There are 2 protein chains.
Amino acid sequence: MADVVMDSKHEPVDARDVTDLVLQEILAGVLLPGTWLKQIDLERRYKCTRPEVRRALDRLAQKRLVEHVPNRGYHVYEPDGRRAREVSEIRVILETAVADTIVENASAADIAALKTLAAHFDLMVLNGTMLELYEANLAFHRQLLVLGGNQELVDLITEIRQRTSSAPVSQWRTRARVERSGREHHLMVEAIEKKEAETLKELVRQHILQS
Amino acid sequence: MADVVMDSKHEPVDARDVTDLVLQEILAGVLLPGTWLKQIDLERRYKCTRPEVRRALDRLAQKRLVEHVPNRGYHVYEPDGRRAREVSEIRVILETAVADTIVENASAADIAALKTLAAHFDLMVLNGTMLELYEANLAFHRQLLVLGGNQELVDLITEIRQRTSSAPVSQWRTRARVERSGREHHLMVEAIEKKEAETLKELVRQHILQS
DNA sequence: GTATCCAAAATTGGCGCCAATTTAGGATAC
DNA sequence: GTATCCTAAATTGGCGCCAATTTTGGATAC
């Protein structure tokens, strides 16, 4: 019910399963930064074949979630402060840029959908795993961006978010921080309702930068 | 001398060769949109093994430059008007956003470097292949972005530029258009010299949108 | 007791074969 | 003459083996 949120592509469904499995384990913090991803381990862990593992690792290396060292293997990327900051900066630029369009285009139904997603996030704060929380947050922001009317932008941001979120756990260290995120989501929806684009921009800006 | 411009990554150098080879052929317009990329053909054409071809195709599919149809193969993506427009929009947002920083940070040496690259582009307009022209243009824009001080942004834009440039030939259809691009490059450098950020933004905006 | 060197075990990664699916061509029936 | 079915060729893609490189553990020398 929650795992079908992904994309609507007719992509290689074949081996993507393994890729996503490893991806989720990294995002969930099970596979910590620096961990060496041995092919035999993954092979056994996910009950798949060697070529499947290798393709998954290659894809993750392309996404720059793991690093490939020739003849040594693949290991989860160490968190890079600079990169994280730069990605946040990019997100601020892009997400504030579409704020005007969002405020303009948002229908009553859109706002209702956002409220549902914001509420769902709150629910996951109380009783949900770290991954579910991460996905609830992602779903809210995706829906927000969809209203910007640029599908490519939605996909792009979804993509770059993964790049530095090697340890999403570390981002939401404190409970207070998470709860504040929840409140900010509601504030954003309010700003949209009141058609206050500038307020929305400032909210988005702060929301992104303090992670 | 011109082919070392790429990135400074310590990436899998092993099979990337093949990936880049196919990539360049697509960018150069040799492999037209819709063309089916048969594994045997590529294997012979680039004198490489089957697994290498397959990895290259998988990577290009990830980059969404080719589409994978299960049990049918891979074919070059058809140009998508909507996506092209959306990518341009994203580029305008990002490249104008860093204009302020560029104007602030640009040293005399930086400006000189830009002038050299702009001149090199002009040279390629006169006597250079389509691919060389493409790369000269890319080099100029990369150098411009580097001054923005966000490395991640530089890489990101380089990446998304490739997504829709299935047929770069079609972008620079007329000679007049190309020559105008060359002149605009010089105007951008001038704006930076005069520290006119707003002028630069408008130039960048128009430069990107009319392609 | 510590450092160095050597050997064995483990891991990566290149390569090719074969089964499954699809496509094209020809033969037959209408 | 045309449409349909069936067979054969071709293409994709899954899977496993083996060589090359690296790492680890132990033995030996200092």
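For the numbers below, each heavy atom of this structure counts, side chains included, while hydrogens, waters and symmetry mates do not. Values in this document were obtained by computation on a predicted structure and should not be read as measured data. The sequence lines fix the lettering, A, B, ..., with proteins before strands; numbering per chain opens at 1.
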For atom CZ of Arg44(A) and atom C1' of dA10(C), their distance in whole Å: 11 Å

Rounded to the Å, how far apart are Leu57(B) CG and dG13(D) P? 9 Å

Below 4.0 Å: OP1/OP2 of dT12(D) and any side-chain N or O of His68(B): no

Judged by each residue's nearest nucleotide on DNA chain D, which is more toward the 5′ side, Asn71(A) or Arg50(A)? Arg50(A)

Please state how far atom CD in Gln39(B) lies from atom P in dT21(C), giving the value in whole angstrom units. 17 Å

Parallel, tilted or perpendicular, as decided by the 30° and 60° cut-offs, for the rings of His68(A) and Tyr74(A): tilted

For Trp36(B) and dA24(C), what is the distance between atoms CH2 and P respectively, to the nearest whole Å? 11 Å

Surrounding CZ of Arg83(A) (heavy atoms of other residues, nucleotides or ligands, distance under 6.0 Å), is the total greater than 12? yes

Closest approach to the side chain of Lys38(A), judged atom by atom: which nucleotide of dC15(D), dT11(C), dT11(D) is it? dT11(C)

Residue pair Asp155(A) / Gln151(A), side-chain donor-acceptor N/O under 3.5 Å: yes

Whole angstrom value for the distance that separates P of dA10(C) from CG of Asp41(A): 13 Å

For Glu43(A) and dA10(C), give me the distance from atom CD to atom P, rounded to whole Å. 15 Å

dG14(C), dC15(C), dT11(C): which one has an atom nearest the side-chain heavy atoms of Ile40(A)? dT11(C)

On the nucleotide dC15(C), are OP1 or OP2 found under 4.0 Å from the side-chain N or O atoms that Thr49(B) carries? yes

Whole-Å distance separating the NE2 atom of His75(B) from the P atom of dT11(D): 17 Å

Which part of the nucleic acid, if any, lies within contact of Arg72(A), taking any heavy atom under 4.0 Å across all strands shown: a base, the sugar-phosphate backbone alone, or nothing? sugar-phosphate

From the list Glu95(A), Glu184(A), Arg180(A), Arg91(A), side-chain hydrogen bond (donor to acceptor under 3.5 Å, both in side chains) with His207(A) holds only for Glu184(A)

Round to the nearest Å and state the distance from Glu52(B) atom CD to dG16(C) atom P. 10 Å

If you take atom types as modelled and just measure distance, does the side chain of Arg54(A) reach the base of dG14(C) with a donor-acceptor pair under 3.5 Å? yes

Any side-chain to backbone donor/acceptor pair from Arg45(B) onto Val22(B)? Under 3.5 Å, distance only. no

